[in-house]
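Please read these numbers as outputs of a predicted model, since none were measured by experiment. As the structure lists them, so they are numbered: ligands from 1, and atoms in each ligand from 1. Numbers here are sequence positions counted from 1.
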Amino acid sequence: MADEDIERSLYLAPLAGLPATGAILPAFEVLVRLPGERVVSTIAGRSDLLAWADSEGSLVHKAVKRRLAGLESRCPPFAGLAMDGTQGRPHVMGIVNATPDSFSDGGRHLDPQAAVNAALAMVDAGATIIDVGGESTRPGADAVSPDEEIRRVVPVVQALAERGVLVSIDTRHAAVMQATVAAGAGIINDVTALEGDADSLAVAARLGVPVILMHMIGDPRTMQDAPRYRHAPLDVYDALADRVEACLAAGIPREALAVDVGIGFAKSVQHNTEILARLGMYHGLGCAQLLGVSRKSYIGRLSRGEPPLGRVPGSLATAVTAAGQGVQMIRVHDVAETVQALTIWHAIARSGPAGGDDPVWNDQSY
Ligand code: 9MG
């Protein structure tokens, strides 16, 4: 097997410690794709893993060291925001949908001023990014023309950018990327990972703004038909690695990329939970990580069939799970609730054995 093939068939999912913060990680689930596509996995402490890699020869040793280096290095800032743990709790991205058919707040933000007011309230509640979208990506949603999308989102993006808000534009259309970055958007959030429009990769590279690459198969109309994977967490890892490589080749630097596993996009409930249990693994891609789970249907399916507004507790539970695996940005509808949950998570995490020397935590004056 070639060097690169060995590295691509070996995956490490951290079991403890915060990846991407520069911390040494103590233990891993080690997953290996065997020829014929069978995947075997085992649990190993860091020193056992290195001893095993040594005994397997220099190529395996090199591959393990490279994977470890990816997980244990400090993530550089993304869009000017710290991503290496010094930010404390994960950043919260508030969702503002300027669409008539959005799955959980449809119609409420069609008036640009109402959308701007809702976004400013989210910023007050602690959001550091506002994600503005003009096309619903819920399963089965119809596509919207780029012109209509631009008409919906540009006034909102412009008003927020003028007030100094960091705006990400949720779009899969190159023309919308162009119009909204001109209006002040600071991040592109593309659920197709810049594959949904033949011009997106070149346009994003030319615009020079940071990009969030989300994993999906197919498009929102068809994606839930029959999602199939050989091994969902590893297939998603490989697909994101390919998109990161494509962006690097197009001239977008790694520090301007964030990855997102795309929960609910072409995934069954089991695919979602298998991926959510291994979020730490995706830090091996060397990019910041965003997660969007807010009010998604897997929560109702795993619970008691609650409608979107009844899925806030499950959204918070997932956000806290993600924070514990080093995910740096969480995309949500319920900003105040998420900020509170993540603040408490952070206070507890900092006081544990891996808590370190957070100056805020160590301030005894309160
Ligand atoms: C637009 N959109 C809807 N769900 C999303 C998710 O989970 N991640 C990202 N990046 N965007 C999303």
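Scanning all protein heavy atoms for the shortest distance to atom 3 (C) of ligand 1 gives R331 NH1, 3.2 Å. Protein heavy atom nearest atom 8 (N) of ligand 1, with residue, atom name and distance: D260 OD2, 2.6 Å.
Under a cutoff of 6.0 Å and an axis angle of 45°, R46 and F28 do not form a cation-pi pair.
At least one side-chain heavy atom of M214 sits under 4.5 Å from a side-chain heavy atom of F265. In this structure, Y11 and S41 have side chains that are not in contact, with every pair of non-hydrogen atoms separated by 4.5 Å or more. Using a 4.5 Å cut-off on side-chain heavy atoms (C-beta onward), L12 and V30 make contact. Annotation: side chain of P19 is in contact with side chain of L25 (closest heavy-atom distance under 4.5 Å).
Looking at S268 and H271, their side chains do bring a donor and an acceptor atom within 3.5 Å of each other.
The side chain of V191, and not its backbone, has at least one atom closer than 4.0 Å to an atom of ligand 1 (non-hydrogen atoms only; side chain from C-beta on). Heavy atoms of K296 found under 4.0 angstrom from ligand 1 belong exclusively to the side chain. At a 4.0 Å heavy-atom cut-off, ligand 1 touches L290 through the side chain alone.
Atom numbering of ligand 1 starts at 1 in the shown order; those under 4.0 Å from a heavy atom of D170 are 1 (C). For ligand 1, the atoms lying closer than 4.0 Å to a non-hydrogen atom of N189 are 9 (C), 10 (N), 11 (N).
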